[in-house]
Amino acid sequence: MDKLLKVIGNSEGACGTCSTSGCGTCGPATPKPEASTGLNRRQFGYTALAASATAILAGCSQEKPAEASAPTPAPALSPELNVVQASKGPIMTTLEEFYKMGPGPSSSHTMGPMRITYDFFQRVSKLPDDQLKRATALKVHLYGSLSATGKGHGTDRASLAGLLGKAPATCPPEFLDSLAANPDEAHKVTIGPSTLNLTLKDIIFDATKGDFHHPNTMTAKLLAGDETLYELEYYSVGGGFIEWKGYKPPDKGQPKYPYEHAKELKKYLIDDKIPLGKLLLANEMAISGKSEKDIWEFLDQVSEVMLRGVNTGLTVDSVLPGPIKLHSKAAAMQRNLKTSSKGEVGKAVTRIASYGFAMGEENARGHIIVTAPTAGSAGIIPAIVKSLHDLNAPNEKIREGFLAAAAIGYLCKHNATLSGAEGGCQAEVGVGSSMGAAMAAQTMGASPKVVSNAAESALEHHLGMTCDPVAGYVQVPCIERCAYGAVKAWTAYCIASEEVPEERRVDLDTTISAMALTAKEMNVKYKETSEGGLAVSVVLC
Ligand code: SF4
């Protein structure tokens with residue numbers, strides 16, 4: 001595969017390699033701020049940061065150039081950047097928080113609500129029998145953004161499925177489809193001694209405006225006639241994460257190998273020679289308190305859900321839900337491969353792209369996906385997993401690949417953002433592609449430096465990518481972008497594994513910082529608002 005997709009990188013003469021002040025190619029040299037110009041400390045800090053940022057963006061430096069093998073220092077970031085303010089202390093994210101399984105197309109409006117109602121189902125199932133005997137109904141009220149945009153995201157059917165006791169990770173796609181196809185059909189759910197009939201009408205689209213604790217608020221109730229037996233207010237806080245009234249984050253242990261940036265991680269890997277898989281597994285066990293067996297079982301389930309999604313997507317032709325009337329492509333691409341005359345390279349690219357399409361289309365259908373890092377970018381890692389299976393990669397190596405991919409996602413979450421609403425699509429598909437490059441490299445047995453370089457390369461070439469979904473649906477450009485993200489992930493791995501690793505000019509921390517900076521400065525029209533770019537250019541008939 002790497003031979004088929006080999007790309008020869010040539011950075012000679014490129015802007016990032018210039019060594020003169022004010023080279024003219026990149027723009028004028030940026031003056032260094034002076035500490036003695038009458039600015040107070042804060043003003044000085046801002047001026048220094050602005051100058052630093054300008055120099056970074058221009059690709060120029062007034063400093064003596066570093067040796068080719070020296071790491072590029074990470075640029076300082078604006079202290080106003082929310083994603084930076086939130087990044088304190090070592091990375092504490094766990095695999096279960098990161099790879100979340102549930103229905104697409106939206107982690108906050110579909111997956112989160114199903115996780116909420118499934119949580120509610122489990123809570124009420126534990127109530128005493130004498131209370132449950134009186135139960136007559138289960139109701140869910142959607143508020144704020146969930147009510148305003150929930151219809152298009154399938155919030156109601158996902159909420160009903162959870163309330164019916166269907167686990168988000170394993171709910172069959174046919175069941176979710178049947179809820180949408182037969183909206184008036186009653187479904188039985190047994191809770192203790194009571195069996196209740198539920199329909200989509202039990203999911204109520206309530207007030208869109210009000211003084212809500214969170215924009216995505218919902219309440220779930222167990223009723224006995226007009227009497228409320230049990231009620232809980234929930235919040236779908238983004239990325240599939242859920243909270244509820246009185247929520248307290250779970251206690252966590254301290255990581256065995258604390259790190260906040262790639263440079264600290266690399267120190268353990270390169271200087272201390274600790275294998276990446278071993279390090280990340282030790283951290284996961286220390287932070288989550290889970291056993292090695294539990295962690296491998298979880299990753300195997302993630303892998304299974306991803307492969308099931310790709311394999312389903314490769315066999316289904318359909319018009320995807322919503323006003324765009326977008327036709328799926330994955331199945332046709334697979335069929336046409338059999339008679340393709342594109343040669344090995346063309347077939348390899350088509351195959352990987354079709355895998356990205358397959359899971360992206362499953363997400364658009366509202367079927368079960370895994371956030372990696374988000375629902376919109378959920379096609380990329382499954383495409384890498386499927387192509388690694390094509391290469392007969394051993395399962396143990398694929399598990400390690402999942403750990404490496406998660407580490408890249410954690411670094412981006414901690415030091416920049418994973419949200420299209422905060423950073424545009426570079427934060428979703430860009431990070432997904434970067435994770436995919438790391439996963440491919442780690443699974444194929446690359447060195448830590450190559451894994452890091454592959455992740456850097458993939459992220460670098462998504463910087464500035466905007467989020468402008470047409471009609472607010474996670475379809476255009478999202479699905480095709482997953483296909484490109486997967487192809488770019490393989491390209492990044494191929495480049496990183498063929499170049500001299502020490503000669504890569506830009507390091508991962510620098511590119512993650514650049515993403516945070518770009519996120520900060522990106523116009524709000526390009527942050528999932530559907531107010532710019534493709535969203536206003538594509539005409540729907
Ligand atoms: S365009 Fe926006 S919604 Fe679509 S994948 Fe990218 S960030 Fe997500």
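Every number for a ligand or one of its atoms is a count from 1 in the order of the listing. These values consider heavy atoms only, across backbone and side chains, with no hydrogens, waters or symmetry-generated copies. If you read the sequence from its start, that first residue is 1, and numbering goes on from there.
- Relative ring orientation between Trp490 and Tyr493 is described as perpendicular, the plane-to-plane angle rising above 60° on a 0-90° scale split at 30° and 60°.
- Nearest non-hydrogen protein atom to atom 6 (Fe) of ligand 1 is Cys425 SG, 2.3 Å.
- Under a 4.0 Å criterion applied to the non-hydrogen atoms of Arg481, ligand 1 contributes the atoms 1 (S).
- Relative to the six-membered ring of Tyr355, Lys386 meets both conditions, a distance below 6.0 Å and an angle of at most 45° to the axis.
- At the top of the distance list for atom 4 (Fe) of ligand 1, counting protein heavy atoms only, stands Cys478 SG, 2.2 Å.
- Annotation for ligand 1: atoms under 4.0 Å from non-hydrogen atoms of Gly376 are 5 (S).
- Atom OE1 is the N/O/S atom of Glu428 found closest to atom 8 (Fe) of ligand 1.
- Using a 30° and 60° split on the angle between ring planes, Tyr143 and Phe212 fall in the tilted class, from 30° to 60°.
- Under the 6.0 Å cut-off for aromatic ring centres, Tyr235 and Tyr247 do not qualify, their centroids lying 6.0 Å or more apart.
- Contacts with ligand 1 closer than 4.0 Å are made by no heavy atom of Met465, backbone or side chain.
- Seen from the ring of Phe98, Lys413 does not count as a face-on cation partner, given the 6.0 Å and 45° thresholds.
- Salt-bridge check for Asp317 with Arg335: passed, with a basic side-chain N closer than 4.0 Å to an acidic carboxylate O.
- With 2.8 Å as the limit, Cys467 counts as an N, O or S neighbour of atom 2 (Fe) of ligand 1.
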